[in-house]
Amino acid sequence: MAEETKSLNFIEQIIEEDLKGNYTKEVLKFRFPPEPNGYLHIGHASSINLNFGLGKRYNAPVNLRFDDTNPAKEEQEYVDAIKKDVEWLGFTWSKECYASDYFQQLYDWAIALIKNGDAYVDSQTSEEIAAQKGTPTKPGEESPFRNRSVEENLALFEAMKNGETNEGEHVLRAKIDMTAGNMLMRDPIMYRTLHKPHHRTGNTWKIYPMYDWAHGESDFIEQISHSFCTLEFLPHRELYNWFLKKIEKPGDFLPKQREFARRNFSHTVVSKRKLAKLVQEGIVTGWDDPRMPTISGLRRRGYTPASIRNFATSIGIAKRENVVDLSHLEFCVREDLNKIAPRVMGVIDPLKIVITNYEEEEEWLTAENNPEDEHAGSRQVPFSKELYIEREDFKEEANRKFFRLKLGKEVRLKNAYIIKAESVIKDAEGNILEVHCTYDKDTKSGSGTEASQRKVKGTLHWVSIKHAIPAEIRLYDRLFSVESPDADKEKDYLEFINPNSLEVITGYVEPSLQEAKVLDKFQFQRIGYFCIDKDTSAKKLVFNKTVGLRDSWGKKN
RNA sequence: UGGCCUAUGGUGUAACUGGCAACACGUCUGAUUUUGGUUCAGAAGAGUCUAGGUUCGAGCCCUAGUAGGCCAACCA
């Protein structure tokens, strides 16, 4: 086995350094900590891949932890969706955890902090607290309640906990330093009162911990060794460590937080708030709309777990700002689908052709299922006198670079015969209604005859009209018409919505597709990859276009 | 106006403790092909934000700039 010489990203380097230091392999443990207030998106996939990838690399456990400290925004629906998505991506968590499981422990620690004079109850309004906070360049002022006695703090905190106080009346604050350069160290709020039921703890709690108080301590409880998060949390690190020091006992192993840059993607947004708005405003049909950059959207669109994992791995991880081009994601699906998707024929924009010299009623021809997979076998496809081909595959006349059907010229029908276009039938406006062709019956595919070996430049896909199944086909384009829809400070990102991101048409597909199941993936030869949408019923097949085939001809024309 | 983070081809990442910039996507050629797909062969494209400095030698170290990002939610 060749030794892996691939270079390490900076996160892996941190771990390697720790391993050279006083960390043992056994102590390594990671976590993926989503807040259940929305669906996972492609950016999360990057983080999931990082954490679970490290777990795999170092054979270390990875917990799935729901950061559910805000009952106002969080719901069980999101918990379920997140679990489904992580599983679907192919990862297995060691433990399913919830910050809410630690509410009691957190509360007990908070009492200890109060007793040590490290926390106090502030009874000002949020406006007053904000006003005293200062600015990055101006130090803050201390709250008049900052030096309450321990007894008074304990009594007030108890009242908050028991729901005897109103929302907004009191908060528990850490007593740190109102003049700190780091704004987060200016007596951050640890608890607020919220008379709202929690999706897991119900009405047990009337106070809920803030992120900074809950996150590091949750990492500690679970004995996470490395807590990776995005760069905007870098200033939180000081506070993360401060809280940990307050609860630390001799011999304790403390987790460490390190930060990486979040991934941005071209022609879309990855902010749960902005994605939620697209759903709420009805701009898309739901979190799993195939145009959404959510995991569930990509799944419905026809993306495979492997393609998303490969994508996440190949864009890597670093600390600088970035905008990853969606064409990279598209490359990753094509790469995967090319190996596994059965080839079929479907016509998206039909043009009728009649084989005038075809005498048979019908015949069934053999078609290879996947030239990339020798075990994929073959199937039978029906051929008859009247067929549909793609409208753009015929021109009455065209230059020699047009390798398709033109009057008086020949072309190969995939898996069938070589045909020649003889004449066109048009309506009064000059629109082409049908093309009359003749076929050479000695050119049948796979027949081995000399005529069948003839080289003709073009090969077209087709379906037999009387056998074809009409199907709804949904064609997608990027959701936003500009590369970075949320980069403009003047304009709202919704102004950049691409009005043509969805086109629904009726196409015709070969009869073998009748049996296809939801999420089955196919390559419509010469067009692209498609998968069966969940809206499919016994009466109607619905396909989503995942991505087009690479097209070195189409884009020049 | 403060502090912190970042800066490498069009895009995303590499370059072990300093040794004349690599990989992938994208782009463009050509070959093969019963998918203008795949595969194969090849090409163009950066001299590493700028200016100094240290050094025999700097993308890596130092200094000063410049640009972008983050920080003043009872959100995470």
Side-chain angles (χ1 to χ4, degrees), chain A residues 5-9 13 33-35 37 67-70 72-74 122 125-126 129-131 133-140 167-173 180-184 186 189-194 207-208 210-212 214-215 229-236 238 259 261 263 266 272-273 314-332 334-335 338-339 343 345 368 371-372 401-404 411-416 418 443 445-446 452-461 483 523-528 548-554 556-557:
Chain A
T5 52
K6 229 189 81 194
S7 59
L8 304 177
N9 63 46
Q13 283 174 21
E35 182 191 10
N37 68 340
D67 223 335
D68 56 350
T69 56
N70 186 358
K73 293 181 174 178
E74 297 149 8
D122 197 343
T125 63
S126 66
I129 291 174
K133 195 131 197 188
T135 69
T137 52
K138 223 186 298 155
E167 288 189 12
E169 204 176 336
H170 309 284
V171 290
L172 184 72
R173 291 229 257 169
N182 183 348
M183 299 281 294
L184 288 154
R186 324 246 258 226
I189 293 170
M190 294 172 68
Y191 277 96
R192 74 286 215 193
T193 305
L194 247 31
I207 53 171
Y208 292 92
M210 298 289 288
Y211 167 85
D212 288 298
H215 202 91
C229 59
T230 46
L231 236 26
E232 64 264 31
F233 289 97
L234 200 158
H236 292 248
E238 191 181 357
E259 312 80 12
R263 319 308 316 208
S266 70
K272 277 192 272 191
R273 208 198 89 244
S314 75
I315 62 176
I317 204 82
K319 291 178 83 166
R320 55 176 145 153
E321 274 168 73
N322 56 80
V323 180
V324 181
D325 201 305
L326 243 29
S327 66
H328 203 293
L329 216 207
E330 293 178 344
F331 164 80
C332 292
R334 287 196 193 100
E335 185 186 39
N338 176 51
K339 291 181 297 193
R343 272 57 170 173
M345 292 195 285
E368 194 179 13
E372 302 298 315
K401 299 283 266 181
F402 186 76
F403 306 155
R404 306 178 184 188
V411 80
R412 154 78 62 185
L413 290 180
K414 180 85 182 167
N415 304 313
I418 291 174
T443 59
S445 289
S452 74
Q453 318 274 16
R454 258 170 60 207
K455 299 283 178 205
V456 284
K457 192 59 193 172
T459 301
L460 308 184
H461 60 278
E483 190 174 288
Q523 184 198 92
F524 284 11
Q525 284 182 116
R526 302 210 308 131
I527 303 177
L549 252 28
R550 228 179 115 237
D551 183 6
S552 52
W553 160 255
K556 285 191 218 165
N557 295 275

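Lettering follows sequence order; numbering is per chain, from 1.
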In which ranges does RNA chain B form stems of 3 or more consecutive Watson-Crick or G-U pairs, distances under 3.5 Å?
-> B:2-7 with B:66-71, B:10-13 with B:22-25, B:27-31 with B:39-43, B:49-53 with B:61-65
First of A:Arg526 and A:Val324 reached from the 5' end of RNA chain B, by closest nucleotide | A:Val324
Residue whose closest nucleotide on RNA chain B lies nearer the 5' end, A:Ile527 versus A:Ile315 | A:Ile315
Rounded to the nearest Å, what distance is computed from the [atom1] atom of residue [X] to the [atom2] atom of nucleotide [N]?
{"X": "A:Gln525", "N": "B:rG36", "atom1": "CD", "atom2": "C1'", "result": "13 Å"}
{"X": "A:Asn338", "N": "B:rC40", "atom1": "CG", "atom2": "C1'", "result": "15 Å"}
{"X": "A:Leu460", "N": "B:rG37", "atom1": "CG", "atom2": "C1'", "result": "14 Å"}
{"X": "A:Arg404", "N": "B:rG37", "atom1": "CZ", "atom2": "P", "result": "11 Å"}
{"X": "A:Trp553", "N": "B:rU38", "atom1": "CH2", "atom2": "P", "result": "17 Å"}
{"X": "A:Leu326", "N": "B:rG12", "atom1": "CG", "atom2": "P", "result": "13 Å"}
{"X": "A:His328", "N": "B:rG10", "atom1": "NE2", "atom2": "C1'", "result": "13 Å"}
{"X": "A:Lys319", "N": "B:rC4", "atom1": "NZ", "atom2": "P", "result": "13 Å"}

4.5 Å side-chain heavy-atom contact, [X] and [Y]:
{"X": "A:Thr193", "Y": "A:Glu169", "result": "no"}
{"X": "A:His215", "Y": "A:Phe233", "result": "no"}
{"X": "A:Asp212", "Y": "A:Leu184", "result": "yes"}
{"X": "A:Leu549", "Y": "A:Gln525", "result": "no"}
{"X": "A:Val456", "Y": "A:Val411", "result": "no"}
{"X": "A:Arg343", "Y": "A:Glu368", "result": "no"}
{"X": "A:Ile129", "Y": "A:Val171", "result": "yes"}
{"X": "A:His461", "Y": "A:Ile527", "result": "yes"}

Take the angle between the ring planes of A:Trp553 and A:Phe403 and call it parallel below 30°, perpendicular above 60°, tilted in between.
->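 The rings of A:Trp553 and A:Phe403 lie parallel, inter-plane angle below 30°.
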Between the side chains of A:Ser445 and A:Arg412, does any donor sit under 3.5 Å from an acceptor?
->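 Result is yes, a qualifying pair exists.
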Ignoring backbone atoms, test whether A:Arg263 places a side-chain nitrogen or oxygen under 4.0 Å from the OP1 or OP2 oxygen of B:rU13.
-> yes
Short side-chain N/O contact from A:Arg334 to OP1 or OP2 of B:rU38, under 4.0 Å =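 A:Arg334 to B:rU38 OP1/OP2: no side-chain N or O under 4.0 Å.
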Qualifying residues under side chain to side chain donor-acceptor pair (under 3.5 Å), relative to A:Arg454, sequence neighbours excluded = A:Glu410, A:Asp440
For A:Asn415, what residues pass the side chain to side chain donor-acceptor pair (under 3.5 Å) criterion, not counting sequence neighbours?
-> none
To the nearest 0.5 Å, what is the distance between CD1 (A:Ile189) and NE2 (A:His170)?
-> 13.5 Å
Using a cut-off of 4.0 Å on non-hydrogen atoms, how would the nucleic acid contact of [X] be classed: base, sugar-phosphate, or nothing?
{"X": "A:Leu234", "answer": "sugar-phosphate"}
{"X": "A:Phe402", "answer": "base"}
{"X": "A:Phe331", "answer": "sugar-phosphate"}

Can a donor-acceptor pair be found, under 3.5 Å and without considering hydrogens, that links the side chain of [X] to the backbone of [Y]?
{"X": "A:Arg192", "Y": "A:Glu167", "value": "no"}
{"X": "A:Asn322", "Y": "A:Val324", "value": "no"}
{"X": "A:Asn9", "Y": "A:Gly316", "value": "no"}

When the [atom1] atoms of [N] and [M] are considered, how many whole Å apart are they?
{"N": "B:rC62", "M": "B:rG19", "atom1": "P", "result": "16 Å"}
{"N": "B:rG10", "M": "B:rG45", "atom1": "C1'", "result": "9 Å"}
{"N": "B:rA15", "M": "B:rU29", "atom1": "C1'", "result": "29 Å"}
{"N": "B:rC71", "M": "B:rA76", "atom1": "C1'", "result": "15 Å"}
{"N": "B:rU32", "M": "B:rA41", "atom1": "P", "result": "15 Å"}
{"N": "B:rG65", "M": "B:rA72", "atom1": "P", "result": "26 Å"}
{"N": "B:rC28", "M": "B:rG9", "atom1": "C1'", "result": "15 Å"}
{"N": "B:rG59", "M": "B:rA46", "atom1": "C1'", "result": "11 Å"}

Any N/O donor-acceptor pair, A:Glu330 side-chain to B:rG26 base, under 3.5 Å =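 Not at all, since no donor on one side and acceptor on the other fall under 3.5 Å apart.
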Base B:rU35 paired with A:Gln523 side chain (donor-acceptor, <3.5 Å) = yes
Quick one: which protein N/O atoms are closer than 3.5 Å to N/O atoms of nucleotides 14-20 of chain B? Pair and distance per line, please.
{"unit_1": "B:rA14", "atom_1": "OP1", "unit_2": "A:Ile317", "atom_2": "O", "d": "3.3"}
{"unit_1": "B:rA14", "atom_1": "O2'", "unit_2": "A:Ser7", "atom_2": "OG", "d": "3.0"}

Taking protein heavy atoms under 4.0 Å as touching, what does nucleotides 66-76 of chain B look like 5' to 3' if B marks base contact, S marks sugar-phosphate-only contact and - marks none?
-> --BSSSB-BSB
Which atom pairs link the protein and nucleotides 31-34 of chain B when you take only N or O atoms and keep those under 3.5 Å?
{"unit_1": "B:rU34", "atom_1": "OP1", "unit_2": "A:Lys455", "atom_2": "NZ", "d": "3.2"}
{"unit_1": "B:rU34", "atom_1": "OP2", "unit_2": "A:Lys455", "atom_2": "NZ", "d": "3.3"}
{"unit_1": "B:rU34", "atom_1": "O2'", "unit_2": "A:Lys414", "atom_2": "NZ", "d": "2.8"}
{"unit_1": "B:rU34", "atom_1": "O2", "unit_2": "A:Asn415", "atom_2": "N", "d": "3.1"}
{"unit_1": "B:rU34", "atom_1": "N3", "unit_2": "A:Ser445", "atom_2": "OG", "d": "2.2"}
{"unit_1": "B:rU34", "atom_1": "O4", "unit_2": "A:Arg412", "atom_2": "NH1", "d": "3.1"}
{"unit_1": "B:rU34", "atom_1": "O4", "unit_2": "A:Ser445", "atom_2": "N", "d": "3.2"}
{"unit_1": "B:rU34", "atom_1": "O4", "unit_2": "A:Ser445", "atom_2": "OG", "d": "2.3"}
{"unit_1": "B:rU34", "atom_1": "O4", "unit_2": "A:Gly446", "atom_2": "N", "d": "3.4"}

Kindly label the base of B:rG47 as syn or anti, based on whether its glycosidic torsion lies within 90° of 0.
->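 B:rG47: syn.
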